[in-house]
Amino acid sequence: MPSLIHARGLIKRFGDFTAVDGIDVDVRRGEAFGFLGPNGAGKSSTMRMIGCVSPPTGGVLEILGLDPVRDGPRIRAKLGVCPQLDNLDIELTVRENLTTYARFFGIPRKVARRRADELLDFVQLAERAGSKVEPLSGGMKRRLTIARALVNEPEIVLLDEPTTGLDPQARHLVWERLFRLKQQGVTLVLTTHYMDEAEQLCDRLVVMDGGRIVATGSPRELITRYSTREVVELRFNAESQQPYADKLDGVGERVEVLPDRVLLYVHDGDEATAEVHRRSLSPASVLVRRSSLEDVFLHLTGRTLVD
Amino acid sequence: MVTFVLPRLVSFEGMGRRSASVTERNLATLRSAYWIVMVSGFLEPVLYLFSIGIGVGGLVGDIALPGGEVVGYAEFVAPAMLAASAMTGALSETTFNFFGKMKFMRLYEGILATPVRPIEIALGELAWAMVRGVLYSAAFLVIMVLLDLTTWPRALAMFPATILVGFAFGGLGMAVSTLIRSWQDFDLIAAGQFALFLFSGTFVPLTAYPEALRWLVEITPLYRSVHLIRGLSTGTTGWAQLIDVAYLLILLAAGLAVAGRRMTRLLCK
């Protein structure tokens, strides 16, 4: 099956700065595909190129089999875009934001009104239909932006950091709605710097760092490939964790030293904890957990996330 | 429930329809408060007409047109006020409002994620500016006829001319808006606009200016607009008015071209 988004050696430069440095991406129909990476990794620049609002500097990019530079309007007619910062129309009501946006796609007024009402139900904003945008909470605005991105019944929905800045309740509501979209067969492409978001939503993802792709796979595959089954987090009451880390050499497959804790990448967490105690080390706290994408990320980029 | 499973192909070809959807968005924002803006914009030239055209005109007496015809001062000033109001209407929408939408409301970023292209936003906004300008002009023309400052047939001829003036200044305003950086620059635009208003053969004939400076007055867009509309209003049109029409059409085309290109550069980085 041909991919909906096909990129080979895709490059984006702004003057001397290279934001995207030759990436290869294929997004298949119906999947949820994620770009994971810290700020400045080139995720948003990639999304803007896919959204046909930023011409690539080099490489190949095809969306729905079309060229984004030549066929921009035709491609955008089939995309839904939820940008990182809400750019809702503050001069219009919640419902008008949807009906007016539908008109930009040439959707007849009657259809636009019907679809607006359905979408307001879908994102649970029907009660606020007549309200202005300004007084809405951050979560409501984000849901309205998502509803707006769906008004043209898009084949691909692009979500740039869909839950950044939302409180936990609002995040879960957004995730749940996005999951339902996915179940309905909509192709989702999202960027995030939240590991849990990537694990929850993405079938497949790429980890980006410094404009390049450093790993590709499903969340599970990435964890298996770049991490161990379990991770033991040790905290020592000391200025530096480094001296303790040296004494932990060989306990697991790998030892990672963070400013406030030491991570042991191991197959069996309990067995490793016992070994720590056998070496007469007494950490202030011990946490055994399953490996997560965050561990993959630390391994691949060698640093904690910059928020 | 919405069926996203089989996304329909939304065919939306055509620049005209996409531009119209941008105009339609502005219509949707119309609220009662906007009518206050509309009324004040209409009143301005009317007040000038009464205070200067008729008030000061009483002291000035008659004025001789370049062709030798003699008209009352109010007849001389009224068409200039009409041209100036077409300019003001077009500029207020395409400078202040347009700049705000582009830089601060980030409205166009949302629109550009749809099939609508930058040049179509420019066209749609320009058409919207015209809706406002056309209403001002029509109302002012009715007043001119009622005050016996022109005739109905001439007013009908002036009407499309005011639309052309509005389009030309709208294109210019939009081009300027894409070039300025901050709200402070609007003071410059306002100053330039007021200078045009005072020194474009609006209140005095061209012959009243020092000979060395006349060419400067003659190349300003408002002078060409006043010249065109005054010719139609007083029934003294000639070949010179064709130059005015050509000038305004070129201004419109150039303004739109610059605005479209600059918007692409600013918003589609």
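When reading the values below, keep in mind they use all heavy atoms of this one structure, side chains included, and skip hydrogens, waters and symmetry mates.
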Asker: Is A:E91 salt-bridged to B:K101, cutoff N-O under 4.0 Å?
Answerer: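 No.
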
Asker: For the CZ atom of B:R17 and the CZ atom of A:F105, what is their distance to the nearest 0.5 Å?
Answerer: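 The distance works out to 13.0 Å.
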
Asker: Counting only heavy atoms not in A:F14, do more than 12 sit closer than 6.0 Å to its CZ atom?
Answerer: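 Enclosed: over 12 neighbouring heavy atoms sit under 6.0 Å from CZ of A:F14.
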
Asker: Where is the tightest heavy-atom contact between B:K269 and A:S54, given as atom of each residue plus distance?
Answerer: O-OG, 2.6 Å

Asker: Looking only at heavy atoms and a cut-off of under 4.5 Å, which of A:L85, A:I75, A:I90, A:D121 has the most pairs with chain B?
Answerer: A:L85

Asker: May I ask you to check whether over 12 heavy atoms, not counting those of A:E176, lie within 6.0 Å of atom CD?
Answerer: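 Above 12, so yes.
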
Asker: Under the side chain to side chain contact (heavy atoms under 4.5 Å, CB included) criterion, do B:L267 and A:V53 qualify, and how do the steps go?
Answerer: CA-CA 8 Å; B:L267 298 167; A:V53 287; over 6 Å; no

Asker: Quick one: of A:E96, A:M49, A:R148, A:K12, who has the most non-hydrogen atom pairs under 4.5 Å with chain B?
Answerer: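 Answer, by heavy-atom pair count under 4.5 Å with chain B: A:E96.
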
Asker: Surrounding CZ of B:R265 (heavy atoms of other residues, nucleotides or ligands, distance under 6.0 Å), is the total greater than 12?
Answerer: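 It does not: B:R265 CZ has 12 such atoms or fewer within range.
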
Asker: Measure the spacing between CG of A:D89 and CD1 of B:I111 and express it to the nearest 0.5 Å.
Answerer: 7.5 Å

Asker: Given a strict heavy-atom distance threshold of 4.5 Å, which part of A:T93 is in contact with chain B: side chain, backbone, both, or neither?
Answerer: both

Asker: Please report the shortest heavy-atom distance between A:P55 and B:C268, naming the atom on each side.
Answerer: CD-O, 3.5 Å

Asker: Contact between A:P73 and B:R18 at the side-chain level, heavy atoms closer than 4.5 Å - yes or no?
Answerer: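 With C-beta onward as the side chain, the pair touches.
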
Asker: Where do B:T114 and A:R76 come nearest, in terms of heavy atoms and distance?
Answerer: O-NE, 2.6 Å

Asker: Where does B:E109 contact chain A at under 4.5 Å (heavy atoms): side chain, backbone, both or neither?
Answerer: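 Interface part for B:E109: both.
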
Asker: Near A:R204 CZ, under 6.0 Å, is it more than 12 heavy atoms from other residues, nucleotides or ligands?
Answerer: yes

Asker: Tell me whether the count of non-hydrogen atoms from other residues, nucleotides or ligands lying under 6.0 Å of CZ in A:R212 goes above 12.
Answerer: no

Asker: Top residue by heavy-atom pair count (under 4.5 Å) with chain B, among A:T100, A:L92, A:V81?
Answerer: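 Highest number of pairs under 4.5 Å: A:L92.
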
Asker: I need the minimum non-hydrogen distance between B:S21 and A:R103, along with the two atoms involved.
Answerer: CB-O, 3.4 Å

